[in-house]
A.B. asks: 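This is the structure, below, for whatever I ask next.
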Amino acid sequence: MLILSRKVDEKIKIGDDITITIIDIDNQQVKIGVEAPKSVKVFRQEVFDAIQSENKEAAASSVALEALCKLLDN
């Protein structure tokens with residue numbers, strides 16, 4: 001993990017296409033801006049985790065449904 005110190009209005013570049021800008025620092029909260037191509041998905045970690053969890057549940061349901069359909073066909 002790369003750890004950087006930045007001040008308000010300072011930026012971090014990731015590759016050629018992604019820029020992180022420190023917008024505001026207030027007590028225990030840092031506001032950042034992310035500039036990235038539309039093809040790059042940017043999520044907060046908790047949202048990403050929820051999406052992953054829902055995808056796993058949907059996949060498990062799909063597998064269970066396929067197994068049930070096979071049983072009914074026999």
Side-chain angles (χ1 to χ4, degrees):
M1 176 187 306
L2 175 63
I3 299 173
L4 301 170
S5 296
R6 300 276 71 198
K7 296 177 182 174
V8 173
D9 293 328
E10 291 185 332
K11 300 175 186 291
I12 299 167
K13 287 293 288 183
I14 301 174
D16 294 330
D17 298 334
I18 301 172
T19 302
I20 308 294
T21 304
I22 307 305
I23 304 297
D24 189 29
I25 302 170
D26 184 31
N27 293 328
Q28 295 292 320
Q29 189 175 39
V30 177
K31 292 183 182 176
I32 62 171
V34 180
E35 295 177 60
K38 291 186 181 207
S39 61
V40 176
K41 295 179 182 178
V42 179
F43 298 104
R44 296 184 321 234
Q45 184 68 49
E46 63 273 15
V47 171
F48 180 80
D49 292 343
I51 292 168
Q52 294 293 87
S53 178
E54 288 179 18
N55 287 345
K56 287 178 185 175
E57 288 176 20
S61 295
S62 177
V63 168
L65 182 59
E66 287 178 22
L68 180 59
C69 288
K70 285 182 183 179
L71 285 173
L72 293 175
D73 286 341
N74 289 334

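Residue numbers start at 1 and run along the sequence shown. In this text the structure is predicted, and so the values were computed from the model without any measurement. Because only heavy atoms are used, hydrogens play no part in the values below, and waters and symmetry mates are left out as well, while side chains stay in.
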A.B. asks: Quick check: does any side chain N or O of Gln29 sit under 3.5 Å from a backbone N or O of Asp26, one acting as donor and the other as acceptor?
C.D. replies: no
A.B. asks: Can you measure from CD1 (Ile51) to NZ (Lys41) and round to the nearest 0.5 angstrom?
C.D. replies: 8.0 Å
A.B. asks: Residues in salt bridge (Lys or Arg N to Asp or Glu O under 4.0 Å) with Glu35, at least two apart?
C.D. replies: none
A.B. asks: Is it the case that atom CG in Asp16 sees more than 12 heavy atoms from other parts of the structure closer than 6.0 Å?
C.D. replies: no
A.B. asks: With rounding to the nearest 0.5 Å, note down the distance linking CG in Asp24 to CG in Asp9.
C.D. replies: 9.5 Å
A.B. asks: What are the two closest non-hydrogen atoms of Arg6 and Ile22, and how far apart are they?
C.D. replies: CB-CG1, 3.6 Å
A.B. asks: In terms of hydrophobic clusters joined by side-chain contacts under 4.5 Å, are Ile32 and Ile14 together?
C.D. replies: yes
A.B. asks: Is Leu4 reachable from Ile18 through a run of hydrophobic residues whose side-chain heavy atoms are each under 4.5 Å from the next?
C.D. replies: yes
A.B. asks: Tell me every residue that passes salt bridge (Lys or Arg N to Asp or Glu O under 4.0 Å) with Glu46, counting only those two or more places apart in sequence or in another chain.
C.D. replies: Arg44
A.B. asks: Look up atom CG in Leu2 and atom CD1 in Ile12, then write down how far apart they are to the nearest 0.5 Å.
C.D. replies: 8.0 Å
A.B. asks: Val30, Ile20: one ILVMFWY side-chain cluster at the under-4.5 Å cut-off?
C.D. replies: yes
A.B. asks: How close do Thr19 and Lys11 get, heavy atom to heavy atom, and via which atoms?
C.D. replies: CG2-CD, 3.9 Å
A.B. asks: Atom OG1 in Thr21, atom NZ in Lys13: separation rounded to 0.5 Å?
C.D. replies: 9.0 Å
A.B. asks: Could you go through Val40 and Asp17, starting from their C-alpha distance and side-chain angles, then the distance that decides it, and tell me whether this counts as side chain to side chain contact (heavy atoms under 4.5 Å, CB included)?
C.D. replies: CA-CA 9 Å; Val40 176; Asp17 298 334; over 6 Å; no
A.B. asks: Return yes when atom CZ of Phe43 has more than 12 non-hydrogen atoms of other residues, nucleotides or ligands closer than 6.0 Å, and no otherwise.
C.D. replies: yes
